[in-house]
2 protein chains.
Amino acid sequence: MKGKATSFDIAHYAGVSQSTVSRALRNSPLVNEETRRRVYEVAKQLNYKVDKNASNLRAQQSSTLALLLFEDPTADESQINPFFLAMLGSITRACASEGYDLLISFQSTSADWQADYEDSHRADGIILLGYGDYVDYQAKFRSLLEQNTKFVCWGASVDNRPDLTVSCDNYGGGKLAADHLLKVNRKDCAFIGDASEHSPEFFARYQGFKDEFTRHGVTLSERKMANAISTEESGYHATRSLIANNIVFNSLFAASDLIAIGAIRALKEAGIKVPEDVHVVGFDNIAVASFTNPPLTTVQQDTTLAGQMLVFNLLKLIRGEKVENTLLPPKLIVRGSSI
Amino acid sequence: MKGKATSFDIAHYAGVSQSTVSRALRNSPLVNEETRRRVYEVAKQLNYKVDKNASNLRAQQSSTLALLLFEDPTADESQINPFFLAMLGSITRACASEGYDLLISFQSTSADWQADYEDSHRADGIILLGYGDYVDYQAKFRSLLEQNTKFVCWGASVDNRPDLTVSCDNYGGGKLAADHLLKVNRKDCAFIGDASEHSPEFFARYQGFKDEFTRHGVTLSERKMANAISTEESGYHATRSLIANNIVFNSLFAASDLIAIGAIRALKEAGIKVPEDVHVVGFDNIAVASFTNPPLTTVQQDTTLAGQMLVFNLLKLIRGEKVENTLLPPKLIVRGSSI
DNA sequence: TTGAGCAGTTAAAACGTTTTGACAACAAAA
DNA sequence: TTTTGTTGTCAAAACGTTTTAACTGCTCAA
C-alpha cells in the first residue's frame, strides 16, 4: 500500500462500493450485517481510520470543542490559576466521554481575544474560562451572540447576563464562610478581593458573606476591605496595606485561595499569628490549600461537576436544545487556619 | 447572506476568481498587491474565515498537535500532577506561537492508549507526557514508529531508546541535590522514589545523586531506600514504612516534589522535625513547593523551555528535518527544608 | 401477470479549500 | 514583424468523506 488507506481501498478489498463502506463503519441500519462484518474486517486489517478532515468537511461539524482560558496578569507568565487547571482536567474528561476532542488556548490580553474557532470550523462551540474583567468582556459576548457562536461561560450569573453560564453559587459560598466565622465567634472580619461589578464572582461571594453577617446583627466595616485580583502577590500586598493602615481584625475572608495564601504570608510577616490572632478563610479549595501552613479553611467548588455541566450545556446549545443557566452548590472545608 | 461566506462569495464581491482569493489570503507572491488589498477588504467585511476542514483536507495536514497526558493512578481522579500541568501551559503557548492548535487528551490506563490522532488526520504529530511505566510503553512506541507516526516524548533519554525525547538532565539534577546535602553536611541520606528501569527518570535522579555522594567518599545505604510513585500519598506511605522499620537518617532526597511533600507529612507525624532532624530535598519545583511548611528545597526543571523544545522538535520531525534528543539543565532551589 | 413494497446496494453530487496547467495581456528582445 | 518572457488571473482537478436519489432483485398482494 502506497499512502494511507482510504474508504475506496476498503471498498475494493471488501468487494462493495465506497458508500457502503462509509455506512457500514458508521453503523447505519441500511447495511447488511454480514457486509458490515466484512467491511470492519478489512478496515482493521489495513489499519484504516476515517479521515477527520474529510468527514468534518462533509458533515459540516468538527466534533471538537474549544476551551479559551483567560489568565490573570501575573508576575510569572507560565503560572496559571490552579483552580482553572483543575477545571481543565474535568472538562477534558467530559469532552472525551462525549466523543468530542478538546482544543485549548490561553488568552493573555483581555482586549482582543480570538474566538474564531467556530467561524473557521475548527470547533463546534467554545467554553470560556477565567477570572477576567467582566465589564471588558460584555461587548465581546454580544458580538459572539450576534454571530450566533455557540459558547458557555464559567462565572457569575449576573442578572440580564446575555450569555449562557455555569457557575458556583458564589453568594451561597460567601454565606457558608460567614456562617463558619460567626460560629467560631470571629466577628471582626476583613475582606480581601474585588467587590465591584468588574468581578461579579468575587462580588457575589462578598455579598453573601456580608448578608449573612447582617442577618446575625453584625455589620462589616467598609474600612476593613482591600482590593485584590486572584494572585498570591495581590493578596499579599492588599493585606499589607491593611496592616500598614493599622486596621485591626480577628478574621479574614479572601475571595480566593491564592489571595488567602498571600494574605497569610503578609500576616505572618507582620508577626500576626494564624489562626490564633486572625482566622483565615479562602475560596476554591485548590490543591495547595491543604499544604499551606496552617492548612487553609476554604469554600470548595466542585470542579468535576462544573466541567461536566459546562460541556453538557454547551452540547445542548449546539444541538439547539433549551438550556438554562446552572448553579452549583459550594461546600465548606474547615482546616487549621480557622480553628 | 444566507450561511457562512465562502471563498466564492469573496471572489464574487471582489470581482476576481476563487483561486485568486485563496492565493491572496495566503499571501502568495503570485497575486497583485492591489488585488490582494481588495480581497482582504471584502473578506473582512463579510467576516470570512478560511474553513479549516476544507483547507486541511486539501493540504493534507491539520496544523494541530495532540498532547497525550498520562496520569499517575491517584486517589483523587481529577488531580493531575502539577508539574505536568505547568508543562501543559508552556506547550500551549509554544504551539500558539507556531500557529498550531493543540488538542489535549488525558490517558488513564497505561495499557491501551489511543494514539490515532495522526492516522485520522486530526493532528500532525503527538507529544507524550507523563510519568508512566517505561517498560509498558516500549512496545507501544515501537508500533508508533512502525506506522511512521511523528511523536516526541518527555522523559529520560535512556540508551537505545527508539523514540525522540526531550528531558531534563535528571542525572545532573540528582548531583545538584547531593552536592547541596554534602555541603550542609547531611550525609546520612534516605531516598524515596522508584530506582528501577520502570521509571528511568527517577532512576537517573538517584544515579546522579548516588554517584556524587560516592565521589565524596560517602556510600548510600540500600536499606535507606523506599519505593514510591509520584504522588503525595505514595511518598507518605513509603516514608512511614522507613520510620516504622527504625531506619535512621538525617536527610532525605525525594524523586519528586509530591513525594517530598508526602514524606514531610510522614516525618512530622512521627515527631521528626524538618529541617532540624531531617533535611528534605525534592525535584520539580512545582508551585506548591514554596508554600509547604517548611518551604521545600528542590531541583527545578525549566518547564517553559521544556514545552518549547517539545514543540520545536516535533515540528522539525514533521518537516522531516534532522532532530536530536534534547537535554535541559536543572537548577537547585534552596528553601527552608534544608537549611 | 402486473404492481407495489422492501432490503440492500450503488453512482454521483456535494462540502470548501489548494494547486496544477493553461492562458491572456503586455513588454522587451530579435 | 515575430519571438520570448513576465505578470496576473482563471478554470478545473484534486482531497476523502457523507448523503441523496436511483436502481436492482426480491417477495407478496391483487
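All figures in this text were calculated on a predicted structure; none of them were measured in a lab. In what follows, every chain begins at residue 1, and chains take the letters A, B, ... in the order their sequences are listed.
- On the nucleic acid side, DNA chain D contacts chain B at distances under 4.0 Å to non-hydrogen atoms, with the end points of that region at dG8(D) to dG16(D).
- With contacts defined as side-chain heavy-atom distances shorter than 4.5 Å, the pair L57(A)/N53(A) does not qualify.
- If you check residues 14-24 of chain A against DNA chain D, the residues with a heavy atom closer than 4.0 Å are Q18(A), S19(A), S22(A), R23(A), listed by number.
- Side-chain contact of T303(A) with Q301(A): a donor-acceptor pair under 3.5 Å is absent, judged by distance alone.
- Within 6.0 Å of NZ in K316(B) there are 12 or fewer heavy atoms belonging to other residues, nucleotides or ligands.
- Residues that satisfy the side chain to side chain contact (heavy atoms under 4.5 Å, CB included) test with S55(A), not counting sequence neighbours, are V50(A).
- Both F8(B) and N32(A) sit near DNA chain C, but only N32(A) has its closest nucleotide nearer the 5' end.
- Residues satisfying the salt bridge (Lys or Arg N to Asp or Glu O under 4.0 Å) criterion with R38(A), sequence neighbours excluded, are E34(A).
- Partners of N148(B) under the side chain to side chain contact (heavy atoms under 4.5 Å, CB included) rule, at least two apart in sequence or in another chain, are K150(B).
- Side chains of S28(B) and R26(B): a donor-acceptor N/O pair is absent below 3.5 angstrom, by distance only.
- For the pair L85(B)/L88(B), a side-chain contact is recorded, criterion being any heavy-atom separation below 4.5 Å from C-beta on.
- Note: CD (E33(A)) to P (dA7(C)) measures 15 Å, nearest angstrom.
- Residues of residues 51-64 of chain B having a heavy atom closer than 4.0 Å to DNA chain C, listed by number: D51(B), A54(B), S55(B), R58(B).
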